[in-house]
Enquirer: 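This structure is in structure tokens; I'll ask about it shortly.
Note: hydrogens, waters and symmetry copies are ignored here, and every other heavy atom, side chains too, is used. Sequence lines set the chain letters: A, B, ... in the order given, protein chains first and strands last, and positions in each chain run from 1. Computed from a predicted structure; not experimentally measured.
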Number of protein chains: 2
Amino acid sequence: MRIRVDYRASLSLVGSVLKYLAVPLLFPLGIALAYGETVAPFLVTMTVTFLLGVGLERLDADPDLRAREGFLMVALTWFAVALVGAIPYLVEAHGVPGLLAPVAPASTLGSPANALFESMSGFTTTGATVVGDISFDTHTRGVMMWRQLTQWLGGMGIVVLAVAILPELSVGGAQLMDAEAPGPGIEKLTPRIAETARALWGAYLGFTVLQALLLYGLNVVGMAPNMTAYNAVAHALTTMPTGGFSPEARSIEAFSAAVQWVIIPFMVAAGTNFALFWHVLTGEPKRLLRDSEFKFYVGILATLTAVLAAVLFAGPGFATGVPPGGSTYDLTYLEQVRDAAIGHVEPALRHAAFQVVSIVTTTGYASTDFNAWSPLAQYVLLFAMFIGGSAGSTGGGIKIVRWYVILKSIRRELFTTSHPDAVRPVRLAGRPVDERAIRGIYAFTVLYIVIFFVAAALLFFDSLRVEQSLSVLEAMSIAATSIGNVGPAFGFAGPMGGYTSLSDLSKLFMVALMWFGRLEIIPVLVLFTPEYWRR
Amino acid sequence: MRIRVDYRASLSLVGSVLKYLAVPLLFPLGIALAYGETVAPFLVTMTVTFLLGVGLERLDADPDLRAREGFLMVALTWFAVALVGAIPYLVEAHGVPGLLAPVAPASTLGSPANALFESMSGFTTTGATVVGDISFDTHTRGVMMWRQLTQWLGGMGIVVLAVAILPELSVGGAQLMDAEAPGPGIEKLTPRIAETARALWGAYLGFTVLQALLLYGLNVVGMAPNMTAYNAVAHALTTMPTGGFSPEARSIEAFSAAVQWVIIPFMVAAGTNFALFWHVLTGEPKRLLRDSEFKFYVGILATLTAVLAAVLFAGPGFATGVPPGGSTYDLTYLEQVRDAAIGHVEPALRHAAFQVVSIVTTTGYASTDFNAWSPLAQYVLLFAMFIGGSAGSTGGGIKIVRWYVILKSIRRELFTTSHPDAVRPVRLAGRPVDERAIRGIYAFTVLYIVIFFVAAALLFFDSLRVEQSLSVLEAMSIAATSIGNVGPAFGFAGPMGGYTSLSDLSKLFMVALMWFGRLEIIPVLVLFTPEYWRR
Ligand SMILES: [K+]
Ligand SMILES: [K+]
């Protein structure tokens, strides 16, 4: 039995990605220089990634990427980038001499498991964090900007993946994006894939710049005192990739209501199929509003926001009792937030819209600590974790387009039950969806839910091993947030908390879940089947 | 637009079922006579059901059952039978004069919503209860036996449905049962459907009689002092239908370990495809052991039992703290149970096997109050609620055969991802499963999970309306147990508790969930689509 997968070709292309990763590292390097901080974390990482990249590239001078090598390349790229991306955290915590002769690290990110966790959480745009003390007392502004940048780079990678690579491998939501994009079809936006990708990066970059300017503008006009230029850039870097990292320990709660309102539409955009913005730019904005996935997406956001706003407005939205992990909560503050929402439209609507959009798009920012919300409100958010962004967006989760096709398919099933002889295809944007694609969507969705259930059980087991007592809601939400690349969970890992207290084994398990989830499970899972490696 | 559904034919057949329902009412009537209790509940019900049945039958003297009328007939039958089956509870609570001039009822079952709930819970073999005080101080032995009998009748109905009706309507697991039964095929067991049904009723009746004899035998030999003849019959009537009602307030915990061990294999049998017992009886027992669904089923039971037994044995299985709804718990007793299991094989294994088998088969009996178990153990049980019995059994839930086909289909999906040109059918017992059937299974499974999620949210909302505070686990488990026809949930509705404290609206919602779940959703849901009623 001859090994058929040309892993050298895959590794060579992973090498190219690693080599070029040295370039974006210039940005946090510049930040560090500007603030007079140590540049060692970035110099070390640039050297390692460049040399490793060049070395891997040499394995195959002229790599030929067929489908199977594509899967391997995509999965390994995210893994390799996450490994290299952990280096700045380790260097910051230990110092260069400390790496050679280890001493007690200066931060939680000094542990290799934590550094890898933070890096994978960044590149998969998850936003789950193990930075115990999110402050510039413990961390440099350069390294904290690197943390933000990993998400922006990861989001860009997802756009490339969705546009240029997954359709070639004919998996994931890619077939659907094809069927979905009305008229020109996504791969026909521009004649060549490279140009398509550039067009979408344009939208991605454009929104990022616009958001940074708007956020800083709020500061200039006095509506956001703490939205410094640093903060404006840092948050712009983690919104479009639906990332959710923030250099503020209390996420977006740290900023004014104006900032929260401005971030909402950018999160909505980040969860939209980027191909649709192309229509807007080319003077056909109606195509956006006519798009069935977009309408479904906006409908879900509006419905869940209305439900949650009503709950917060009516009162039972915020609980009065001590939330789990009580001592870290400022109850007086929470009661103020609660009372401000009860019977008041603006705060109720703002927190509802912010949190629904943040969770559905899998961004993971928080405008308030929803741990203090009532079980009903928390349940709505847990439910929202399974929805996900649109195809062709940076959002994770099961994804809107899959739910749309599933609901249409279930309606068809009901129809053919009472009309057994009828033949009725499921249509998306007027075109019939291939039955094999429908089956693939179902398989993905059920697999996703099964992995979620089993992952929660495994997290439970491991927590018992280390005598940590998870609640059912904590275990389930950690599993859902990891595979959906959302970020926050409930309880200690809530939006103002983190995953520091989990065991290293659980953290590495979450790393795997984030990796699987970000790449839509199947392209990674297939690497673990013997059939993949056989001729 | 002409209404095409011949609802008169459906109603006429519902009438026939109602008419014959008068016959089994003779059994609780006899019990009541034997114990010198009032026979009014049964005389009233027999009269009503007979007259109503005869009246409905007259709507169509020669009903012709096509597919659409079949759906209507099946859904209406369960509903009508549940309505009529509630009468004994109402008559018992109010007395005959009290029905005419209402006074305060003598029991919780005097409320129409409660009586309908208990009756639907019985006929759908769910076993969720609103009998607040399960004791012979409040209820007659006759009415308590009627409660047990509704489950036995409901289970018999499910066997008929699975064997004789659903295949005709080509929905549900029925196509699969066909593919599944090796060799003769289920509809070919005997040449005519009526004979097939009789053969399966034979197995159903045979196991019931055998169980009653064995349970009473334990009493005779002194191994079960409180397993009276009444109790032996009562529990035999609710095991084979995977019902779970018990005239004992503390379910099977009230009996000796010997009784618990004896009940386990009968629950396993109740969750097995009854067609397989036919092979055993006809001298081909190997067919049972060779059956892929049966092997999968036994594998799941064994795996989950091993996991749970290990947890109970190791210690963290039982929590020491006060469980939710604390005051009703005998903590000293629970600590005894916990300590008896830690480090002791027999009790750990017994409770694990009993509870896993009870929940997976959707029976719902309890050998101990799993509310006092640790979150991990509870999570395993919540997970188990979604598995369900085999096709052609009386078990509810998503059902083993669907999970089996789904897992095989996901494996196929992984295979075709790396081998895009390969054509590989999903096989069940060596025969390819129709792709349309696979799609139907996926549609059902996702629909089931979505309904579960939405139902939990609706239960939450209604609980807030009446200022009852459900936990996330309570709301989710109530939804899962209702649609899966399991019975107990967690919290106040745990195995020793009940649903009395829910609002009437929530109870009626659960009635709908039990009804939908028992009939495998689609045959009922289809009645609510406009297309069904159109030509
Ligand atoms: K995220
Ligand atoms: K049951």
Enquirer: Flag the pair A:Phe386 / A:Thr445 as yes when at least one side-chain heavy-atom distance between them is below 4.5 Å, and no otherwise.
Expert: no
Enquirer: Where on A:Arg411 is there a heavy atom nearer than 4.5 Å to chain B: the side chain, the backbone, both, or neither?
Expert: neither
Enquirer: With only heavy atoms counted, which part of A:Leu414 is less than 4.5 Å from chain B, the side chain, the backbone, both or neither?
Expert: both
Enquirer: Closest heavy-atom contact between A:Ala443 and B:Ile410?
Expert: O-CD1, 3.9 Å
Enquirer: Can you tell which part of A:Phe415 gets under 4.5 Å to a heavy atom of chain B, answering side chain, backbone, both or neither?
Expert: side chain
Enquirer: Relative to chain B, which of A:Glu413, A:Met476, A:Arg439 shows the most heavy atom pairs under 4.5 Å?
Expert: A:Arg439
Enquirer: List in chain and number order the residues that pass ring-ring contact (aromatic ring centres under 6.0 Å, His included) with B:Phe461, two or more places apart in sequence or in another chain; answer none if no residue qualifies.
Expert: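 Residues passing ring-ring contact (aromatic ring centres under 6.0 Å, His included) with B:Phe461: none at all.
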Enquirer: Below 4.5 Å, heavy-atom pairs only: which of A:Leu473, A:Val526, A:Leu376 has the largest tally toward chain B?
Expert: A:Leu376
Enquirer: What part of B:Leu447 gets closer than 4.5 Å to chain A, counting heavy atoms only: side chain, backbone, both or neither?
Expert: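 It is both, since atoms from each part get that close.
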Enquirer: Looking at B:Leu72, is its backbone amide N or carbonyl O close enough to the side chain of B:Ser10 to form a donor-acceptor pair, meaning the two atoms are under 3.5 Å apart?
Expert: no
Enquirer: Who among B:Trp403, B:Phe460, B:Phe444, B:Phe383 has the most heavy-atom pairs with chain A under 4.5 Å?
Expert: B:Phe460
Enquirer: Let me know if B:Ala475 has heavy atoms under 4.5 Å from chain A in its side chain, its backbone, both or neither.
Expert: neither
Enquirer: Just by distance, do the side chain of A:Gln378 and the backbone of A:Asn371 share a donor-acceptor pair under 3.5 Å?
Expert: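 Between the backbone of A:Asn371 and the side chain of A:Gln378 there is a qualifying donor-acceptor contact (under 3.5 Å).
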Enquirer: I'd like to know if the side chain of B:Tyr532 reaches the main chain of A:Thr417, judged simply by a donor and an acceptor atom lying under 3.5 Å from each other, with no hydrogens or angles considered.
Expert: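 No: the side chain of B:Tyr532 does not pair with the backbone of A:Thr417.
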Enquirer: Top residue by heavy-atom pair count (under 4.5 Å) with chain B, among A:Val446, A:Thr529, A:Val307?
Expert: A:Val446
Enquirer: Which bit of A:Val380 is near chain B, if near means a heavy-atom gap under 4.5 Å: side chain, backbone, both or neither?
Expert: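 The answer is neither part of A:Val380.
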Enquirer: Judged by modelled atom types alone, do A:Tyr442 and B:Ser409 share a side-chain donor-acceptor pair under 3.5 Å?
Expert: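 No, B:Ser409 and A:Tyr442 have no side-chain donor paired with an acceptor closer than 3.5 Å.
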Enquirer: Mark yes or no for whether B:Ser477, through its side chain, and B:Glu474, through its backbone, hold a donor-acceptor pair below 3.5 Å.
Expert: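 A pair under 3.5 Å: yes.
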Enquirer: Chain B heavy atoms under 4.5 Å from A:Leu407: which part of the residue, side chain, backbone, both or neither?
Expert: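 It is neither, since no heavy atom gets under 4.5 Å.
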